Chemist: 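Can you read through this structure? Questions will come right after.
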Amino acid sequence: MIRINITAGDLFNELFDDEDKKAATDIYTDLIMNTPVDTGDLRQSWDLDLTGQPSISNSKAYAMRVMNGGHSKQAPAGTLDTIIDKHTD
């Protein structure tokens, strides 16, 4: 399973602001748009949770291999990292 947490500042002293939620939403959208499709299971398995600490997850065991490992011609190696870097500082 992939879990991506979007954090900002001191978790104990700051509430997550709209900027954090926007970054998580933008990453989620890009992940869906850039997830290779064979049967559609991987793309449909992305989940965005904006309650508390924004998080994005995918329950498919092969998600990391496909999205970052270069195991798909549709998603070159590093796709996941590139998407996250695009939306975070």
Side-chain angles (χ1 to χ4, degrees):
M1 175 196 280
I2 294 176
R3 178 165 288 287
I4 304 163
N5 293 315
I6 309 301
T7 62
D10 186 343
L11 299 180
F12 299 105
N13 295 324
E14 292 183 31
L15 294 176
F16 294 97
D17 59 20
D18 290 338
E19 188 174 311
D20 300 321
K21 290 179 180 178
K22 181 178 180 343
T25 302
D26 290 346
I27 291 169
Y28 175 75
T29 300
D30 273 0
L31 285 171
I32 289 174
M33 296 305 296
N34 290 286
T35 298
V37 176
D38 181 21
T39 65
D41 287 344
L42 182 61
R43 182 176 280 183
Q44 292 173 0
S45 294
W46 288 111
D47 183 49
L48 172 64
D49 183 0
L50 294 176
T51 59
Q53 181 178 0
S55 68
I56 302 165
S57 60
N58 192 306
S59 59
K60 297 297 180 189
Y62 57 90
M64 185 62 86
R65 282 193 319 266
V66 172
M67 294 303 294
N68 235 28
H71 286 268
S72 170
K73 292 178 184 174
Q74 296 176 36
T79 297
L80 178 64
D81 290 339
T82 300
I83 291 170
I84 293 169
D85 290 346
K86 176 181 170 184
H87 297 288
T88 58
D89 294 327

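These numbers were taken from a predicted model, which means no experiment stands behind them.
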Chemist: Heavy atoms only: give me the nearest Arg65-His71 pair and the separation to one decimal.
Modeler: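 Looks like O-CD2, 3.3 Å.
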Chemist: Measuring from Leu50:CG to Ser55:OG, what's the distance to the nearest 0.5 Å?
Modeler: 8.5 Å
Chemist: Would you name the heavy atoms of Ser72 and Val66 that are closest together and state the gap between them?
Modeler: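 Heavy-atom minimum between the residues: CB-CG1, 4.0 Å.
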Chemist: In chain order, what residues pass the side-chain contact (heavy atoms from CB on, under 4.5 Å) check against Pro76, with sequence neighbours excluded?
Modeler: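 So Pro76 forms a side-chain contact (heavy atoms from CB on, under 4.5 Å) with Thr79.
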Chemist: Nearest 0.5 angstrom please: Ile27 CD1 to His87 NE2, how far?
Modeler: 6.0 Å
Chemist: If you compare all heavy atoms of Trp46 against all heavy atoms of Thr35, which two are closest, and at what distance to 0.1 Å?
Modeler: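 Closest approach of Trp46 to Thr35, heavy atoms only: NE1-OG1, 2.8 Å.
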Chemist: Considering residues at least two apart in sequence or located in another chain, which fulfil the salt bridge (Lys or Arg N to Asp or Glu O under 4.0 Å) criterion with Asp26?
Modeler: Lys22
Chemist: Are Ile32 and Val37 joined in one hydrophobic group, where the rule is that I, L, V, M, F, W and Y side chains link up if heavy atoms are under 4.5 Å apart?
Modeler: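 They do not share one cluster, since no chain of ILVMFWY contacts under 4.5 Å joins Ile32 to Val37.
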Chemist: Nearest 0.5 Å, please: how far is OG1 in Thr88 from CD in Glu19?
Modeler: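 So the CD of Glu19 and the OG1 of Thr88 are separated by 11.0 Å.
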Chemist: Mind listing the closest non-hydrogen atom pair of Ala24 and Pro54 along with its distance?
Modeler: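 Distance-wise, the nearest heavy atoms are CB-CB, 3.7 Å.
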Chemist: Rounded to the nearest 0.5 Å, what separates atom CD1 in Ile56 from atom CD1 in Ile84?
Modeler: 7.5 Å
Chemist: Can you pull the salt bridge (Lys or Arg N to Asp or Glu O under 4.0 Å) pairs that have at least one residue in residues 27-45, sequence neighbours excluded?
Modeler: Asp30-Lys86
Chemist: Which residues pass the side chain to side chain donor-acceptor pair (under 3.5 Å) test with Asp81, not counting sequence neighbours?
Modeler: Asn68
Chemist: What pairs with Thr82 under side-chain contact (heavy atoms from CB on, under 4.5 Å), at least two apart in sequence or on another chain?
Modeler: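 Scan of Thr82 (side-chain contact (heavy atoms from CB on, under 4.5 Å), adjacent residues dropped) gives none.
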Chemist: So, taking the atom named CD1 in Ile83 and the one named OH in Tyr28, what distance separates them when rounded to the nearest 0.5 Å?
Modeler: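 These two atoms lie 13.0 Å from each other.
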Chemist: If you take all heavy atoms of Leu31 and Met67, which pair is closest and at what distance?
Modeler: CD2-CE, 3.9 Å
